[in-house]
Amino acid sequence: MKVARFHAPGDIRVEEAPEPVAGPGELRIRVRNCSTCGTDAKILKHGHHHIRPPRVMGHEIAGEVVDGTGAWAPGDRVQVIAAIPCGTCGECRRGRMTVCPNQESMGYHYDGGFAEYMVVPAKVLAVDGVNRIPDGVGFAEASVAEPLACVLNGQELARVGEGDDVVIMGSGPIGCLHVRLARSRGAGRVFLLDVNAERLETAAALVRPDAAVHAEGGDSAVEQVLKLTEGRGADVVVTAAASGAAQEQALLMAARQGRISFFGGLPKDDPIIRCDSNLVHYRELTIVGANGSSPAHNAQALRLIAGGAVPVADLITHRLPLPEVLDGIGIVSRGEAIKVTVEP
Ligand SMILES: [Zn+2]
Ligand SMILES: [Zn+2]
């Protein structure tokens with residue numbers, strides 16, 4: 001079968017590999033869609049310390065069961081989690097599965113979905129990491145449940161709710177999902193902000209924020225958000241961009257008692273930002289992080305897609321066969337697409 005394997009930074013190869021065989025307690029699936037995201041672009045460029053090459057990449061996975069186990073039978077349509085919590089440590093036992101220190105990932109520790117066939121490890125099944133795709137939801141849409149699950153985790157932690165003015169910084173696929181999810185949670189007004197005018201325009205045409213804010217550097221982003229919010233600032237600011245400058249601006253555009261989600265991580269070699277601690281103190285700000293998603297978030301994300309609360313079909317702008325996966329990652333890293341999905 002054909003797979004896309006990571007060998008080294010800058011070296012992802014589409015090559016032939018033997019079909020994997022499911023061991024006891026494992027599931028084998030025919031991958032139908034595996035979507036790409038900024039993480040794949042990052043891995044291509046820099047590699048990742050958890051990936052031991054050669055490794056089949058791909059972590060936004062939907063497919064069809066070929067060899068079943070337990071409750072799963074051939075033909076079942078399934079979505080698979082990406083981040084695998086251990087299920088037994090102190091954090092997992094407290095229900096905090098997104099911060100399990102023993103977390104492993106599909107496409108990192110285990111071969112992922114850029115392949116015709118993939119084995120779902122027993123560890124994934126043990127934490128309810130396989131979800132039945134509801135009727136009416138396509139494989140491509142189901143593959144977007146994983147990034148939506150991460151967005152859901154972020155908005156739960158930032159307590160996005162009824163009547164909130166929400167600013168999303170970054171109009172990539174994650175930013176688009178944040179806009180839609182915030183709406184479904186009853187946000188008052190949702191503003192989408194980006195430094196890239198072209199990308200912002202494309203995204204805004206799809207997800208229709210209350211205002212699209214083109215940030216031109218300096219204080220422009222903060223000033224525009226303050227103007228849009230009658231000087232209050234936003235109740236929630238989400239940085240969906242790997243930008244320390246965005247994080248610093250987020251602190252300045254948050255309303256009193258505002259919540260700031262540092263959703264996108266910063267480059268490992270440049271993770272320090274300037275934070276006026278007195279702003280946090282006097283304005284009673286809450287800064288939260290976000291690290292992936294739990295199996296329950298994935299299940300809920302699928303329900304949000306199936307019920308129409310968070311439509312994702314129109315966000316999938318490119319569908320490519322597996323041999324073109326590198327083109328897909330290129331399109332993603334140049335910001336030319338909303339969501340690129342690979343159909344092995
Ligand atoms: Zn992803
Ligand atoms: Zn754990």
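We count ligands from 1, going down the list as the structure has it; atoms in each ligand are counted the same way.
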Can you check the angle at the Zn ion (ligand 2) formed by SG of Cys86 and SG of Cys92? Round it to the nearest 10°. 120°

Heteroatom N/O/S of Cys150 within less than 2.8 Å of the Zn ion (ligand 1): no

If we count only N and O atoms by modelled type, under 3.5 Å, do the side chains of Gln224 and Ser220 hold a donor and an acceptor together? yes

So, does His50 use its side chain to make a donor-acceptor pair with the main chain of His109 at under 3.5 Å? no

For Glu60, what is the atom name of its N, O or S atom nearest to the Zn ion (ligand 1)? OE2

Only residue of Arg259, Gln155, Arg159 satisfying side chain to side chain donor-acceptor pair (under 3.5 Å) with Asp164 is Arg259

Vertex the Zn ion (ligand 2), arms to Cys100 SG and Cys89 SG, rounded to 10°: 120°

Axial cation check for Phe6 ring with Arg55, 6.0 Å and 45° limits: no

